[in-house]
Amino acid sequence: MKSNYKPKIGIFGLTGCGGDQLTILNMEDDLIELLGNFELVQFQMGSSRRGNSILDIALVEGSVSTKTDLQRLKEIREKATYLVAIGNCSIDGCLQAGMSGENSIKVSVKEVYGEEAKFDSEFLDAKGAVDYVPVDFKIPGCPIEKKEILQALTSMLHGDFPQEFTYPVCVECKLNEYPCLITEKGESCLGPIIRGGCNARCPGLGVDCIGCRGPPLDNVNISKEFKLLLEEGYNNEYVMNRLRMFSGNTEARSRIKKLLEESE
Amino acid sequence: MSKIIRVDEITRVEGYGSIEVEIGSSEVLGVKMNISEGPRFFESLVKTVKYDKVPDIMRRICAICTATHTLASITAIEKAFKVDVTPQTRNLRDLLIHGEMIESHALHLYFLALPDILGYPDAVAMTDKYMEQVKMALQLKKAGNMIHNTLGGREVHGMNERVGGFASLPTDDTLLKIKTALVDSRPTAELAVKLFSEVEIPTYAKSENNLMALDTGKRFGFIGNYILTSQAGRYPAEEYLQLTNEKTFKHSNAKFSTFQGKPFVVGALSRMFLNGSKLEGAAAELYRENYDRLDSNNILTNNLAQAIELLHSVDRSIQIIDELVSTGIQEEGLAEFEIQSSRGVGTIEAPRGILYHDYTFDEEGKITKANVITPTAQNVANMEKDYRVAAGRLIKEPDYKIRETLEIIARAYDPCISCSVHLVKCP
C-alpha cells in the first residue's frame, strides 16, 4: 500500500452482545491514534458514517442468526478485501450456538416467545460468519482481547497478519506460576484444552477457565479433561454444560457429544 | 396517499434496530420500532446449567451492561439460596455498578449523543476541533472501566464477581489508583452536566410519560428490591410481572412492555424523578439547579439526567473507595450457603433502566426456568409513542429532518438492542 494511503476500514455487528465493538471503543489510550491510521467508513456502534465504498478491512462481530444477518454479511464480504471475524460469535456462533442443545430454532422461539408469537425476520440456527463466507483472519474471545485486536490491526497496516495462539491457557498459567485449580482446588478448569492468549486471566484471579476463547483446540486431549473432571466428582451433565458453553457450532462440539454418549 | 419514512439502521447505539413511520397527508398512520437482531434465547440456553456458571452465561447478554446483568443474576441466585453477603461485598458491588454507570454514561453522552449536538458523525471526527475534550472524555470512560477491570477482572464480561462475594479482592493500592483517575476526571463529568444543561432541548417528542425506577433506599443508587412507579406506588421485585406486562409483535424480536395498559419509561430520567431527592453533594445541587430543565415528559432531557448521574457516580465511587481504604480491605472468602429448590428475583438499575433476572432452581441447584426482562425491552413501547408524537408534530418537515429526529429520539433512550432481543418467557 502507498505510504500515505489510509486503508479503508468498516466495523460491523451481527447478532451478539456488542462486546467486541465495545472492546475497540474501550481502547481509551490508543483509540484515536489507532483509528487515525485508517479511513473509517462505518462503525455501527461508534459512528453515524454510512459510507458505502469498497473496504480494505472489514471487522465483523456477531453470529449469523437471521436472514438479515446473512445478507449483511454477504454484502460486507463483497465489499471487503480482508474480512476479519472478531470474537467467538462471528467465528463459531458462541453461546447461542454451543448451548442451544438439540432444540431447533423453531422450538426455542416457541419456548422463549410463546406459541402465538410471529416475527418478520426469519431466524436461522446461530452460526459463525466462517460457516457462510471465506474469512481471512480470526480473532477469538468472548470478548476479544484489546492487545490482540491492536496487534492485528497494526500488523495489517504493515501488510501482514499476526500469529495465532496455538497453545492452551494452561501454558500461560504455568508460566505465571499460578496454583493449578484442578489438582490443588478441585475446580472444573478448562485451561488445559482452551486456546491461550489471555495470559490466563481467570486462573490468575483464582477463577476456573470457562473457555471463553473458543472451542477446545484441535491438538488437545478432550477426553482426558472430561475424565479428569469426572474423577474430581463432577457429573456428566455438569461437565457437558461446561464443555459446550463456547464450543459453538464446531467439530469440537460433535466430539464432545460423542464423548458423553460413550461415557453414559 | 401515504409515505413510509424509514431509519434503516440506528447508528451510535448498541445493537441493530430500525424505525419505520407511515405518514398520511395530515396524520401519522403507523410507527414501528424494528428490533432486527436475531434472538439468542438465553432463557433456554441456561436450562440445566448449575447455578455457579449461570452468571457467566447471563453476563454475556450484553456488553455495555455486563456488570449489571452479572449482579442481577448473582442477586437472583443469592435470594433463591438465601445467601447473606458481607457489608464489604455490598460496598464493592455498589462501587462496581457506579463504575458501570461512569463507563456507560461517559460513552453515551460524549461519544454517542454529543456528536448529534455538535453536528459530527462521531467522536473521531470531533477531534478536528475538540481533541482535548475527546481525550478527556476517554479518560473519564477509562476511570469507569478501571473499576470494571479491578472488581470484575475485565472490562467486558468479567469473571471475578461470584455468588457470595468476589473471587479476588482489590488491594488498597489499586483502589487508590482508581480514586486518582476519578479525581482527575471529575471535571469532565462536571463538563458533561454543563454541556447538556446549556444545549437547547427540542420539545417535539414531549408527551406524557409514566416512570419506573427501583427504590434504592436512603441513598441515590442503583440497587434495590422494590419498584417505584409514578402511577401507582411501590411494588416488591417479586411482583414485577404485573408491572411489565409483555406482548410480542410481529415486527420486532423484542417483547413490548406496558403497565396498566400504558407504556412507561425506565432509565436515568425516571430515576431522577423518582429518587432525585436522595442525591447528595454536588449532584444534588446540580439536580436542583436543573430541576426546571429536566422534564419527565420529554425524553430528550434524559441526557441531562444521565450527566447528573455520571457526576454522582464519580463522587460516590470516590466516597466508597475512601471508606473501603480507611477500614482496609478484609480478606474474606465467599459466603457459605445451602443449595435448595427455590426461586429468586434479582433487580438492578442498568444504565438504561431496571433489569430483572428471575430464576427457578431444582434441588441440585440447576436452572429449571429463567426469565429476564431488560430495560430497553421495557422502553420500546414508549419509544414508539414518542416517534408517533414527534412525527405528527414535524409532519410538514422534509423527510430527512424527520428521519434525523427519529434517530435522535431513539438515541436519547440509550437503547441497548442486544439486551432487548434475547427475551422473555411469559409464565
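All values below come from the heavy atoms of this structure, side chains included, with hydrogens, waters and symmetry mates left out. The sequence lines fix the lettering, A, B, ..., with proteins before strands; numbering per chain opens at 1.
- Interface residue A:E237: only side-chain heavy atoms are found under 4.5 Å from chain B.
- Between the side chains of B:S104 and B:R352, at least one donor-acceptor pair of N or O atoms lies under 3.5 Å.
- For B:R154, the parts lying under 4.5 angstrom from a heavy atom of chain A are both the backbone and the side chain.
- Under the 3.5 Å distance criterion, with hydrogens and angles disregarded, no donor-acceptor pair is assigned to the side chains of A:E145 and A:N199.
- Across A:C94, A:G206, A:C202, the residue that shares the most heavy-atom pairs under 4.5 angstrom with chain B is A:C202.
- Ion pairing of A:K147 with A:D30 is absent here, as no side-chain N (NZ or NE/NH1/NH2) approaches a carboxylate O to less than 4.0 Å.
- Residue with the most contacts toward chain A among B:K135, B:M159, B:K50, B:Q139: B:M159 (heavy-atom pairs, distance under 4.5 Å).
- With a 4.5 angstrom heavy-atom cutoff, A:R201 touches chain B only via side-chain atoms.
- With 3.5 Å as the limit, one finds no donor-acceptor pair spanning the side chains of A:E61 and A:S90.
- Among B:I10, B:T48, B:I64, the residue with the largest count of heavy-atom pairs under 4.5 Å with chain A is B:T48.
- A salt bridge links A:R50 and B:E407; the closest N-O separation between the charged side-chain nitrogens and carboxylate oxygens is under 4.0 Å.
- Residue contact with chain A, scored on non-hydrogen atoms closer than 4.5 Å, involves the side chain of B:L112 exclusively.
- Only the side chain of B:K366 comes within contact range of chain A, with heavy atoms under 4.5 Å apart.
- Between chain B and the residues A:L35, A:L31, A:I32, the most heavy-atom pairs under 4.5 angstrom are made by A:I32.
- Counting heavy-atom pairs closer than 4.5 Å to chain B, the top-ranked of the candidates A:C212, A:S48, A:S188 is A:S48.
- Residue contact with chain A, scored on non-hydrogen atoms closer than 4.5 Å, involves the backbone and the side chain of B:A125 alike.
- There is no side-chain donor-acceptor pair under 3.5 Å between B:S73 and B:T70.
- Using modelled atom types, one finds no donor on one side chain facing an acceptor on the other under 3.5 Å when comparing A:S247 with A:R253.
- Only the side chain of B:V134 comes within less than 4.5 Å of a heavy atom in chain A; its backbone stays farther off.
- Options A:S47, A:G19, A:G46 differ in how many heavy-atom pairs under 4.5 Å they form with chain B, and the most are formed by A:S47.
- Checking A:N26 against B:K142 by side-chain atom types alone, no donor-acceptor pair falls below 3.5 Å.
- A:R242 and A:D208 are joined by a salt bridge, as a carboxylate oxygen and a charged side-chain nitrogen come within less than 4.0 angstrom of each other.
- Your options are A:G36, A:G13, A:C142, A:G62, and the one with the most heavy-atom pairs under 4.5 Å with chain B is A:C142.
- Only the side chain of B:R411 comes within less than 4.5 Å of a heavy atom of chain A; its backbone N, CA, C and O stay farther away.
- One finds a salt bridge joining A:R213 and A:E148 here, because a Lys/Arg side-chain nitrogen approaches an Asp/Glu carboxylate oxygen to under 4.0 Å.
- Residue contact with chain A, scored on non-hydrogen atoms closer than 4.5 Å, involves the backbone and the side chain of B:I57 alike.
- Considering only heavy-atom pairs separated by less than 4.5 Å from chain B, the leading option among A:Q21, A:M27, A:K146 is A:K146.
- Of the atoms belonging to B:T127, it is side-chain heavy atoms, and not backbone ones, that fall under 4.5 Å from chain A.
- Heavy atoms closer than 4.5 Å to chain A are found in the side chain of B:D52, but not in its backbone.
- Looking at B:E43 and B:K369, no side-chain N of the basic residue comes within less than 4.0 Å of a carboxylate O on the acidic one, giving no salt bridge.
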